[in-house]
> 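First the structure, then my questions, so here it is.
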Amino acid sequence: MLSGLPDTPLQPRQRSCAPAWTLLGCGALGGVFASLLTLASQPTRVLLRDLHRPTLNPRFDFTSLEGNTQLLTVDRSFVTDPGEIARLLVMTKANQVLAALRPLVGVLSPDVPIVLLHNGMGIAEQVLALFPDNPIIAGVTSHGAIKAGHFVFRHTGKGETWLGPINEAAKAHAEIATDLAAAIGQAGWDEQIVVRQWQKLAINCAINPLTALYKLKNGELASPRFTDVLQQVCVEVADVMQAQGLAGTADELLRRVMMVIELTADNYSSMYQDLELGRDSEIEAITGFLLATAAQHGIAAPVNQGLYQAMKEKSPVL
Ligand code: KPL
């Protein structure tokens, strides 16, 4: 062997220093997922905006479902200098996804899977246009979370999480759901993720505007006062789903809505929290998407239209 040369062959360049997960979006749910992944010893990094450039890695003050609070040091980097990324989990609000991802166009390697976990629909297709070669995965989750301060996160409700492929390239990445399940308790892979997205859309169309407009906890929607409006919202969503060629009845959607109302009874919906904090809500990606799709099929959706309008004007409808 020639002196000075390594005696083992050089390995092809790997993403050796890339953590298993890079999270974009450190709101309530992003903070809780980053905490749970860190606690499960899955190397996790959060991508922060330069605006919030802390010198040190942030310390998350995380309270679990059981009420245990602990401080977790979470690795961080910045959107402008993200470092190696193995898989990107995007947990911003629906209305921030595209702006958050734009700086990564031309930076993100085309084989890096992008997982989108936000409320509402219609965003994944736009992400695909920005990153046409990357595996794009859409997800739905009904976990409850609260951001109670700067890097202070509370896990307030255990929900279901489902992921599934938006494009062909994503179909080979079911292991992402398995890894996620090891940290958050349950996460499934569903090739027909679009059906689950619509079921979640129905839940958000029903729960989010009403809780935000009437300043209620999710559980308060179980009152008979809301029975008719919840039912009507589900009838309209089911009509649009059927027009889209998807199976879904109003009764089934209503059953799911009532189940989430019960399971997250003590939670404030994300739209309630957005409105209270004066932030933009996800109404466009939720009810706005439903109304746009209904219009394409010539379907009237007056109850959802009323809730949409009320959210725009921030005044209750009942
Ligand atoms: O997704 C939610 C949200 O608040 O956005 C639900 C499931 C309604 C839980 O609050």
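Counting convention: from 1, in listed order, for ligands and their atoms alike. Side chains are part of it too, since the values below use all heavy atoms of this structure and drop only hydrogens, waters and symmetry mates.
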> If the contact criterion is a heavy-atom separation under 4.0 Å, does Asn267 count as touching ligand 1?
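The answer is no, since Asn267 has no heavy atom less than 4.0 Å from ligand 1.
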> Within the structure provided, determine whether Arg87 and His173 are in side-chain contact (heavy-atom separation under 4.5 Å).
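They are not in side-chain contact.
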> Where's the contact between Glu282 and ligand 1, heavy-atom distance under 4.0 Å: side chain, backbone, both or neither?
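For Glu282, no heavy atom sits under 4.0 Å from ligand 1.
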> For atom 4 (O) of ligand 1, find the nearest protein heavy atom and state the residue, atom name and distance (0.1 Å precision).
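Nearest neighbour among protein heavy atoms for atom 4 (O) of ligand 1, to 0.1 Å: Ser270 N, 2.8 Å.
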> Hey, are the side chains of Pro302 and Glu236 touching, using non-hydrogen atoms and a 4.5 Å cut-off?
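Yes, their side chains come closer than 4.5 Å.
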> For atom 8 (C) of ligand 1, which of Leu221, Asn119, Thr141, Asn208 has the closest heavy atom?
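That would be Asn208.
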> Which atoms of ligand 1 are found less than 4.0 Å from any heavy atom of Val260?
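Taking each heavy atom of Val260 in turn, ligand 1 has 7 (C) under 4.0 Å.
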> Taking 4.0 angstrom as the limit and counting only heavy atoms of Ser269, give me the atoms of ligand 1 inside it, by number and element.
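Close to Ser269: 4 (O), 10 (O).
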> Which atoms of ligand 1 sit under 4.0 Å from any heavy atom of Asn204?
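The atoms of ligand 1 under 4.0 Å from a heavy atom of Asn204 are 1 (O), 2 (C), 3 (C), 5 (O), 8 (C).
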> Quick one: do Lys217 and Glu220 satisfy salt bridge (charged side-chain N to carboxylate O under 4.0 Å, His left out)? Show the steps, please.
CA-CA 6 Å; Lys217 283 186 172 180; Glu220 293 177 87; over 6 Å; no
> Does Ile146 belong to the same Ile/Leu/Val/Met/Phe/Trp/Tyr cluster as Phe153, with side-chain heavy atoms less than 4.5 Å apart forming each link?
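Ile146 does not cluster with Phe153.
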> Would you check the N or O atoms of Thr264, main chain and side chain alike, for any that come under 3.5 Å of an N or O of ligand 1?
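For ligand 1, there is no N or O atom that lies under 3.5 Å from one belonging to Thr264.
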> When you check the side-chain N and O atoms of Asp111 and Ser109, is any donor under 3.5 Å from an acceptor?
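The criterion, which ignores hydrogens and geometry beyond distance, is satisfied for Ser109 and Asp111.
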> Which heavy atom of Leu221 sits nearest a heavy atom of Ile207, and at what distance?
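Nearest heavy atoms, Leu221 then Ile207: CD1-CA, 3.7 Å.
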> Does the residue Lys200 have a heavy-atom contact with ligand 1, meaning some pair of atoms that are separated by less than 4.0 Å?
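Yes, Lys200 has a heavy atom closer than 4.0 Å to ligand 1.
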> At what distance is the nearest protein heavy atom to atom 10 (O) of ligand 1, and which residue and atom is it?
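Looking at atom 10 (O) of ligand 1, the protein heavy atom closest to it is Asn218 ND2, 2.9 Å.
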> Looking at side-chain heavy atoms only, is the closest gap between Leu37 and Leu180 below 4.5 Å?
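Touching, per the 4.5 Å side-chain cut-off.
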